[in-house]
Every structure is written in C-alpha cells, then in structure tokens.
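Worksheet: the structure to be examined is printed underneath.
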Amino acid sequence: MYPLIRNRRLRSSEAIRRLVRETILTPDDFLVPLFVVEGKNIKEEIASMPNYYRLSLDILEKEVKELWSMGLCSVLLFVKVPENLKDNKGTEALNPDGLMQQAIKTVKNACPEMLVMTDVALDPYSSYGHDGIVGDGQILNDETTEVLAEMSVSHALAGADFVAPSDMMDGRILTIREALEEEGYPNTGIMSYSAKYASAFYGPFRDALDSAPVDIKNVPKDKKTYQMDFANRFEAIKETQMDVDEGADIVMVKPGLCYLDIVREIRNEVEVPIAVYQVSGEYAMLKAAAQNDWLDEKAVVLESLLAFKRAGADGILTYFAKSAAKWLKEN
Ligand code: PBG
C-alpha cells in the first residue's frame, strides 16, 4: 500500500508539469530600466553591466520602438547628468528642458502607448551623490520632499505616466501626491520604492550614472540614514503600509533576490500591486558567471525572474527584460 501519494506523478512529463504549473512569467511582468545620456548617436556600454548601455535620445527612440515590438510595454527612465549641471539642491532636475523631461517626450513621441515611469530622487543631479539635499551634517528630509514634489510635477508635465520616488525620505509620497493633485495631474501614478534597503548591490548602477556619494566632512558617505537597514523586516511592512496610506499606487521591494522574504511578507499585508527590482549588482553577478560559462544564463535568469513572481511580485524591474522576453518566446 505504500505510498498512496507519489508527488512525482505530477512531475513525470512536460505536459503534466505545464498543466499544474502555479506561476507563469510573461513579458507583461517586466519594466525596463533605461539609462539616458546627453549627446547624439551614443550607445556606451556600462563597464560593470556587460551588454547594458547608456543611450542618447536618438538611440533611445529606436530602443523603445524595439522594446514595444517585443511586447515590453513599460520603461523606467534614469538620466546621467553632466557634472557641471550638478549642485546640492538638484536644480537641474526642475529644468523643463532637462534631459529627463526630453527623454519622457522622446519615448512618448516614439511610442505613445508605452507606460513611462521616471526615477525621482536627487542623486543623479546632486554634486554630493545623495538622494536629498545635504545640510547641517545630514540629508535634509522636508526640504528634499518639496523638491521631489516639484520634480514629479515637472515629469508629469513632460508626459510621464508614473513617477517612481527612490529616495526614502519620510512623507514624500504624500507631498508628491498632494502636489500632483494641486497642479492638475490627478491621473499621474506613483510607484514608490517603499522597502528600499541600503544595499551594496547598487554599485554598478552608481557607475552607470556616476552618482556614488562623495566624501563630505561630517556627512556619512553611505545612504544608511535614509535607506533601510537590511537586518529589518517589520520596518519594511511599516514603510510600505505608510506609502500605501499616503497614496502610492504601486509599492516596491528593492533589491530582489536577497529580499524574497520581504516580497512575500508585503504581499500578505497590502492590497496594491508590488514591484520588485532586480538591481544592477544582481545583473552583474549573473552576467559575470554566464560570461565565464559557469552558469547557463538563460536558465538562471528565467529561474530568478520566476522566483520574484512566485514570491508575490506583480511587476519586475530587470536589466534582463529584453533577453528574457526573447527567451520566453522560444520556450
Ligand atoms: C537612485 C536609485 C538607485 C537605484 C535606483 N534608483 C541607487 C541608489 O539608491 O543608490 C539602484 C538601481 C540598481 O542598482 O539597479 N535613488
């Protein structure tokens, strides 16, 4: 009589495995991060992110058309700001003709139906490489949220569908939501980086944008006074719940693979969609191993992306979006 239940029956062929599969990955799940630079005809590879590039606006236009044709319908824009335009207050972030504002228009012109999200934080614009304004030996909270709100309105005016505040200042979602309502953008959404940890996995991204924090007297050179301590779990729930209460439409966990427990925890706590960010360091690790033939790139990437979805994510920000969309078609 032993055993009546044999779990392997449900694994015995590809057909039965397909029938009982609980989680399915599709290109609809992906948001594509894009790095934009000034200039013409520029496609610069990022040293610590092999096969990932900074694009000038003309190349960006071609890129988003290609993404759209592959079934990738959402992008998240980041800009690399020239050093001479950086200051402590991120003044250039509010320039109506700034690179971000132009990038939003470029994408919307090329692909009107593409969902355009924009990164909202001061770090690419900050001469100090911090997400907020530096003063009195700290990163000033309330002064920063005011600028982030103006920045969000400026992105909405340029045509962004969603703003994505990645700064981790307290109260920024409410400040941004109120500003968008007051300035006539009630339909502009907010995807909040709500559980964003102070992670060493952001290294390659800071290379991509040349945005790493610099030495300043009496100010910590890291982001630990605003990004979360990676030892904490309850704090992630609290942060996320607060962002939902303040008006976030989508919340986010970041980084991804080391934080799947947090994705699940938050899935159980909130009713809004959850995004997860497979960050630059995760990309770099997988890419480096694949380039050495130590891992099978397609297999490990698809396994990692599916794990995000199984953990409870609705959207996945990934530098592998294009490759994964191709691979999913082949399957
Ligand atoms: C900026 C920002 C960062 C990332 C997204 N937005 C870097 C940071 O917080 O230092 C990281 C993304 C990645 O590593 O892929 N606030």
Side-chain angles (χ1 to χ4, degrees), residues 31 33 35 45-52 54 76 78 80 119-132 134 138-139 144 164-169 192-216 218-240 251-266 274-292 294-295 297 300-301 303-305 307-308 311 313 316-321:
L31 293 107
F35 298 120
E45 191 171 32
I46 298 151
S48 47
M49 299 179 72
N51 203 33
Y52 218 79
R54 303 180 194 93
L76 176 61
F78 296 94
K80 182 172 188 290
D119 185 66
V120 171
L122 295 192
D123 50 329
Y125 299 96
S126 161
S127 37
Y128 297 135
H130 276 290
D131 290 25
V134 180
Q138 49 175 313
I139 313 307
T144 298
S166 65
D167 57 290
M168 292 301 280
M169 298 299 121
S192 166
Y193 287 66
S194 40
K196 176 169 177 176
Y197 286 90
S199 169
F201 285 100
Y202 307 150
F205 173 97
R206 294 177 190 168
D207 293 342
L209 297 188
D210 189 19
S211 61
V214 301
D215 280 314
I216 323 169
N218 298 328
V219 178
K221 204 182 167 183
D222 55 48
K223 299 190 176 182
K224 291 180 185 170
T225 68
Y226 43 107
Q227 299 178 347
M228 283 173 34
D229 184 340
F230 54 75
N232 297 350
R233 185 164 67 90
F234 291 125
E235 198 185 357
I237 299 170
K238 185 176 162 206
E239 277 282 2
T240 305
V251 293
M252 193 200 294
V253 176
K254 181 184 172 197
L257 216 48
C258 295
Y259 297 83
L260 291 183
D261 56 329
I262 307 297
V263 176
R264 170 50 53 184
E265 196 102 43
I266 286 174
I274 299 171
V276 63
Y277 203 141
Q278 182 186 45
V279 299
S280 56
E282 300 177 62
Y283 176 85
M285 283 196 298
L286 293 178
K287 210 65 191 174
Q291 285 187 334
N292 277 297
W294 293 341
L295 289 173
E297 183 176 4
V300 291
V301 168
E303 182 178 336
S304 313
L305 297 175
F308 295 131
I316 304 167
L317 294 117
T318 174
Y319 303 103
F320 287 113

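Minimum heavy-atom separation, S280 to Y319: N-CE1, 3.4 Å. The nearest pair of heavy atoms linking L317 to M252 is CD1-CE, 3.7 Å. The minimum heavy-atom distance between D119 and Y193, with the atom names listed, is OD1-OH, 3.6 Å. Taking each heavy atom of E265 and I237 in turn, the nearest pair found is CG-CD1, 3.4 Å. Here the closest heavy-atom approach between residue P124 and residue A121 is recorded as CD-O, 3.6 Å. Here the closest heavy-atom approach between residue L305 and residue I316 is recorded as O-CD1, 3.4 Å.
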Quiz item: Passes side chain to side chain contact (heavy atoms under 4.5 Å, CB included), T225 versus I139? Steps please.
Solution: CA-CA 8 Å; T225 68; I139 313 307; 4.1 Å; yes
Exercise. Go through the steps for N51 and E45 under the test side chain to side chain contact (heavy atoms under 4.5 Å, CB included), then give the verdict.
Key: CA-CA 6 Å; N51 203 33; E45 191 171 32; 4.3 Å; yes
Quiz prompt | Pair R233-D261, salt bridge (Lys or Arg N to Asp or Glu O under 4.0 Å): steps then yes or no | solution = CA-CA 9 Å; R233 185 164 67 90; D261 56 329; 5.9 Å; no
Practice problem: Could you check L122 against H130 for side chain to side chain contact (heavy atoms under 4.5 Å, CB included), going step by step and ending with a plain yes or no? | Solution: CA-CA 7 Å; L122 295 192; H130 276 290; over 6 Å; no
Exercise. Please lay out, stage by stage, how F35 and F205 fare under the test ring pair (Phe, Tyr, Trp, His ring centres under 6.0 Å).
Key: CA-CA 9 Å; F35 298 120; F205 173 97; 5.7 Å; yes
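Shown here is K80, whose NZ atom has more than 12 heavy atoms of other residues, nucleotides or ligands within 6.0 Å. Annotation: F201, atom CZ; neighbour count of heavy atoms from other residues, nucleotides and ligands within 6.0 Å does not exceed 12. For CD of E303, the number of neighbouring non-hydrogen atoms (other residues, nucleotides, ligands) closer than 6.0 Å is 12 at most.
For the atom pair F320 CZ and Q278 CD, the distance stands at 5.5 Å (nearest 0.5 Å). Within the model, atoms OH of Y277 and NZ of K254 stand 6.0 Å from one another, a figure rounded to the nearest 0.5 Å. Rounding to the nearest 0.5 Å gives a distance of 15.0 Å between CZ of F234 and CD of E239. Annotation: the span from S166 atom OG to F78 atom CZ amounts to 6.5 Å, rounded to 0.5 Å. The distance from the NZ atom of K223 to the CG atom of D167 is 10.0 Å, given to the nearest 0.5 Å. Between S199 atom OG and Y259 atom OH the span is 5.0 Å, to the nearest 0.5 Å.
Residues passing the side-chain contact (heavy atoms from CB on, under 4.5 Å) test with A290 are E297, sequence neighbours excluded.
Counting heavy atoms from C-beta on, the side chains of F308 and T318 never come closer than 4.5 Å.
Classification of the Y52-Y283 ring pair by plane angle, with boundaries at 30° and 60°, yields perpendicular.
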